[in-house]
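Let me begin by presenting the structure, written as structure tokens, before commenting on it.
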Amino acid sequence: MKSRHLAALSIVEDALQSRLADAARSVGENASEIPRVTLPPTRDPSHGDFATPVALSAAKLWKCDPMKVASALADHRDGGIAGVASLEAARPGFVNVRMAPGFWSGVIAEVLERGDDYGRSDALAHTGPVLIEFTSANPTGPLNVVQGRSGSLGATLVEMFRFAGATTASETYVNDAGAQLDTLAASLYARYAALFGVDVPFPEEGYPGDYVIDVAHKLRDRDGDKWLHAGPDERRRALGKFGRDVIVEEQRADMERFGVHFDVWFSEATLHDGGAIDDVVADLQTRGFAYEKDGAIWLRSTDCGDDRDRVLRRSDGRPTYLAADAAYHRDKLRRGYKYLVNILGPDHHGYIARLSALVAALGHPGSIEVLLAQQVTLKRGDETVAMSKRAGNTVTLAEVMDEVGVDAARFFFIERAPESHLVFDLALAVEHSQKNPVFYVQYGHARIASILRKAAETGKSALLERARAAADVAHLGHPAEIALARRLSDFERTVVDAVNDRAPHRIAEYARNVAGDFHGFYTGCIVLTDDDVLTSARLSLSIAAKTVLASSLRILGVSAPDSM
RNA sequence: GCGCUCGUAGUUCAGUUGGAUAGAAUGCCAGACUACGAAUCUGGAGGUCGGGGGUUCGAAUCCCUCCGAGCGCGCCA
């Protein structure tokens, strides 16, 4: 399902690869190792359409002159290569490839033919099914900005994997077991009692946010004063569960509003209740990956790359968080997932080694990968927005969405490499100007939609039909037209490379570049002219650009408006 | 002390796994509409890629060392 123009490039790569093999034979015994030919697009058009540095790496391996190898690759004596207009060797040893006329206009025809499917591939079909877990949170409060970032990251990665042909599911893990739920219950009880004028001291480490008061109102609406008279154990359990359910629903609503959907919300509590944790610990023990010491049971994680062993079951018999994770990840693997990706918050990198060790101990070494969503600093212009967990003034994802909108939030969170610290300027995100990359990209899409509307309104509907059929694309040739076509041709490769490198920010960069190339084309080439053939050709290019813009924005979870 | 992430233009960041003259946005300076949306475009200035050493035809990228920032090192979750 590779696109036609990528298939055409493969033919060139294969031809060069075989010439390289011939060159190796002529060099002799030094040339036992033959590097793979890759053919990336050139940055500088004067270097042709594509260029390979393979002669340079071959020359290094073979200890000979790079130009000699490059010349052998560019040699025409045994005939040309299909689809190639010219080959040339360039110092220090690049081979520049110029494609035959019609190559770039062919790309436009292909985009129009495949529409929303253009750029899709089956490059990663062999890797799945993949399960991506992200934004796993304590159900004790609203989602914060870092969780927004990991939501944006995870959802975009899921879309990218799917676009590249991998079967992929999204999942989040609800940490609804452990002490934090008791703390939530105690906080909720204090707020709830206050509604009846009963003074219950607020717990020392309780959750100070106002949202707990909202939950208390909901509890009173449902149950009246019932819990003022209940026993402490029953009350703690009931209030913990009530608070958990209300808050998880709010988190789910926030995520849906954010355009992030999870196929599964997995409850940690179900692992404790169903005996899965006891079972997995016993299993690890029988298989020799866990042992008893000092009255506790330890995972032998040092065998799998961790720097120390980790407790699974405490000496008082209670399982640790890691034990629950053992059960959870065994469950994931038993559900048939071949590869697991977990996105964790910035303060959890110490957990990576033991998670990998854990999955290895479960019998699937190397099948989990952990990505970190680094921290986010919020600012508003020059002013840094203070966020302190202790003071209870953390900024929530919902507040960010309220202030800048979903599109800007999704785009800003995804715009930077996951592992780099992010400075999020709320003032910039709401600005409707060239400074704001979201609007720059969306404006490109709206501008094209406007041209298409204009074409229809001015009686050019027949030309629009010709354009959709790519009838006249052979007439494209202006440098701005070729630059745009080149960019569109790079969509599939960009997605596949970006997903392989776990670099979703490159899709944002790509979308910005498509928009930029379109704006350049728009300025340099008038679309709606008196020349029907030229108009039809440029309409084809515009429609193709709109299609690719819309597809990249869809991957990013950002809307592609027809007018703004 | 050990570990993880990072250090690139005034600022915010890319840099496709070692390739051609280190790129973009923003900010600054100078320009461009009597046509399809100026929320746009064109040009210019701006760099010791944290410092130093090494590997080679070639290093922001790999190795060593030092400096700096953030985070983590629990029978917490």
Side-chain angles (χ1 to χ4, degrees), chain A residues 38 40-44 46-47 51-53 56-57 59-60 65-67 90-94 96 138 140 175 177-181 268 294-298 307-308 310-316 318-322 324-325 345-353 372 374-375 377 379 382 415-425 428 431-437 439-440 442-444 446-455 457-458 460 480 493-494 497-498 500-501 503 505-506 508-509 512-513 515-516 518-529 535 538-539 542 563-564:
Chain A
T38 56
T42 56
R43 190 178 298 173
D44 181 348
S46 72
H47 294 141
T52 179
L56 290 159
S57 33
K60 178 171 193 149
D65 177 13
M67 276 309 282
R91 258 205 291 270
F94 291 95
N96 295 336
N138 291 338
T140 55
N175 300 146
Q180 76 277 11
L181 223 59
E268 180 188 355
D294 303 334
I297 298 176
W298 299 71
D307 52 4
R308 50 169 297 189
R310 308 286 173 176
V311 173
L312 288 165
R313 186 181 296 287
R314 302 179 181 89
S315 44
D316 66 6
R318 289 155 50 234
T320 61
Y321 184 82
L322 182 66
D325 247 355
D347 47 351
H348 289 79
H349 55 251
Y351 200 67
I352 298 176
L372 290 180
Q374 273 298 349
Q375 61 191 36
T377 305
K379 62 171 197 165
D382 291 333
E415 208 188 350
R416 305 301 181 201
E419 66 275 10
S420 77
H421 296 190
L422 175 70
V423 177
F424 190 138
D425 185 346
L428 176 60
E431 202 165 315
H432 290 212
S433 81
Q434 59 175 349
K435 284 195 286 186
N436 188 332
F439 287 94
Y440 182 81
Q442 291 183 319
Y443 178 60
R447 214 176 196 186
I448 300 172
S450 168
I451 294 172
L452 301 182
R453 274 194 303 272
K454 190 88 173 183
E457 286 162 9
T458 53
K460 295 187 192 295
R493 215 178 48 93
T494 299
D497 287 353
N500 279 329
D501 294 344
H505 61 285
R506 279 190 220 150
E509 186 197 17
R512 212 171 39 219
N513 287 334
F518 176 77
H519 289 312
F521 156 70
Y522 177 92
T523 306
C525 305
I526 300 160
V527 177
L528 303 176
T529 66
T535 300
R538 288 180 173 168
L539 281 171
S542 302
S563 65
M564 296 170 64

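Convention: sequence-line order gives letters A, B, ...; per-chain numbering from 1.
Looking at residues two or more places apart in sequence or on another chain, you find a side-chain contact (heavy atoms from CB on, under 4.5 Å) between A/Tyr522 and A/Arg447, A/Ile451, A/Phe518. Contacts of A/Pro41 classified as side-chain contact (heavy atoms from CB on, under 4.5 Å), with partners at least two apart in sequence or in another chain: A/Phe50, A/Arg486, A/Asp490, A/Arg493. A/Ala498 is linked by a side-chain contact (heavy atoms from CB on, under 4.5 Å) to A/Met160, A/Arg506, A/Ile507, counting only residues two or more places apart in sequence or in another chain. Scanning for salt bridge (Lys or Arg N to Asp or Glu O under 4.0 Å) contacts around A/Glu415 gives A/Arg512, with sequence neighbours left out. For A/His519, the ring pair (Phe, Tyr, Trp, His ring centres under 6.0 Å) partners at least two apart in sequence or on another chain are A/Tyr440, A/Tyr443. With sequence neighbours left out, A/Tyr351 forms a ring pair (Phe, Tyr, Trp, His ring centres under 6.0 Å) with no residue at all. With sequence neighbours left out, the side-chain contact (heavy atoms from CB on, under 4.5 Å) criterion links A/Arg318 to A/Arg314, A/Asp316.
For the P atoms, the distance linking B/A45 with B/A25 amounts to 15 Å, nearest Å. Taking atom P on both nucleotides, B/U11 is separated from B/G47 by 12 Å, rounded to a whole Å. Atom name C1', nucleotides B/U8 and B/G68: the rounded distance is 15 Å, in whole Å.
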Distances for protein N or O near nucleotides 56-58 of chain B N or O, under 3.5 Å:
unit_1	atom_1	unit_2	atom_2	d
B/G58	O6	A/Lys60	NZ	2.7

Protein N or O to nucleotides 74-77 of chain B N or O, pairs below 3.5 Å:
unit_1	atom_1	unit_2	atom_2	d
B/C75	OP2	A/Arg308	NH2	3.0
B/C75	O3'	A/Arg314	NE	3.3
B/C75	O2	A/Ser315	N	3.0
B/C75	O2	A/Ser315	OG	3.1
B/C75	N3	A/Ser315	OG	3.1
B/C75	N4	A/Asp294	O	3.1
B/C76	OP2	A/Arg314	NE	2.9
B/C76	OP2	A/Arg314	NH2	3.4
B/C76	O3'	A/Arg314	NH2	3.1
B/A77	OP1	A/Arg314	NH2	2.5
B/A77	OP2	A/Arg314	NH2	2.8
B/A77	OP2	A/Tyr321	N	3.3
B/A77	O3'	A/Ala177	O	3.1
B/A77	O3'	A/Gln180	OE1	3.4
B/A77	O3'	A/Gln180	NE2	3.4
B/A77	O2'	A/Asn138	OD1	3.4

Under 3.5 Å, which protein N or O atoms sit close to an N or O of nucleotides 28-32 of chain B? Give each pair with its distance.
none

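Closest to the side chain of A/Tyr440, from the set B/C13, B/C41, B/G37, is B/C41. You'll find that the side chain of A/Arg506 is closest to B/G15, out of B/C71, B/G15, B/A38. Distances from the side chain of A/Leu528 to the nucleotides B/A14, B/C71, B/C36 place B/C36 closest. Here B/C13 is the nucleotide among B/U40, B/G37, B/C13 with the atom lying nearest to any side-chain atom of A/Val423.
For the pair A/Glu415 and A/Lys454, nearest-nucleotide mapping onto RNA chain B gives the more 5' position to A/Glu415.
Distances shown here put every side-chain N or O of A/Thr523 at or beyond 4.0 Å from the OP1 or OP2 atom of B/C41. At least one side-chain nitrogen or oxygen of A/His505 sits closer than 4.0 Å to the OP1 or OP2 atom of B/G15.
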### Task
Report, as a single string ordered 5' to 3', how protein heavy atoms within less than 4.0 Å touch nucleotides 1-10 of chain B: B base, S sugar-phosphate only, - not at all.
--BBSS----

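Taking a pair as Watson-Crick or G-U wobble with both distances under 3.5 Å, the runs of three or more consecutive pairs in RNA chain B are B:1-7 with B:67-73, B:10-13 with B:23-26, B:28-32 with B:40-44, B:50-54 with B:62-66.
Across all strands shown, A/Ser563 has heavy atoms under 4.0 Å from base atoms, whether or not it also approaches the sugar-phosphate.
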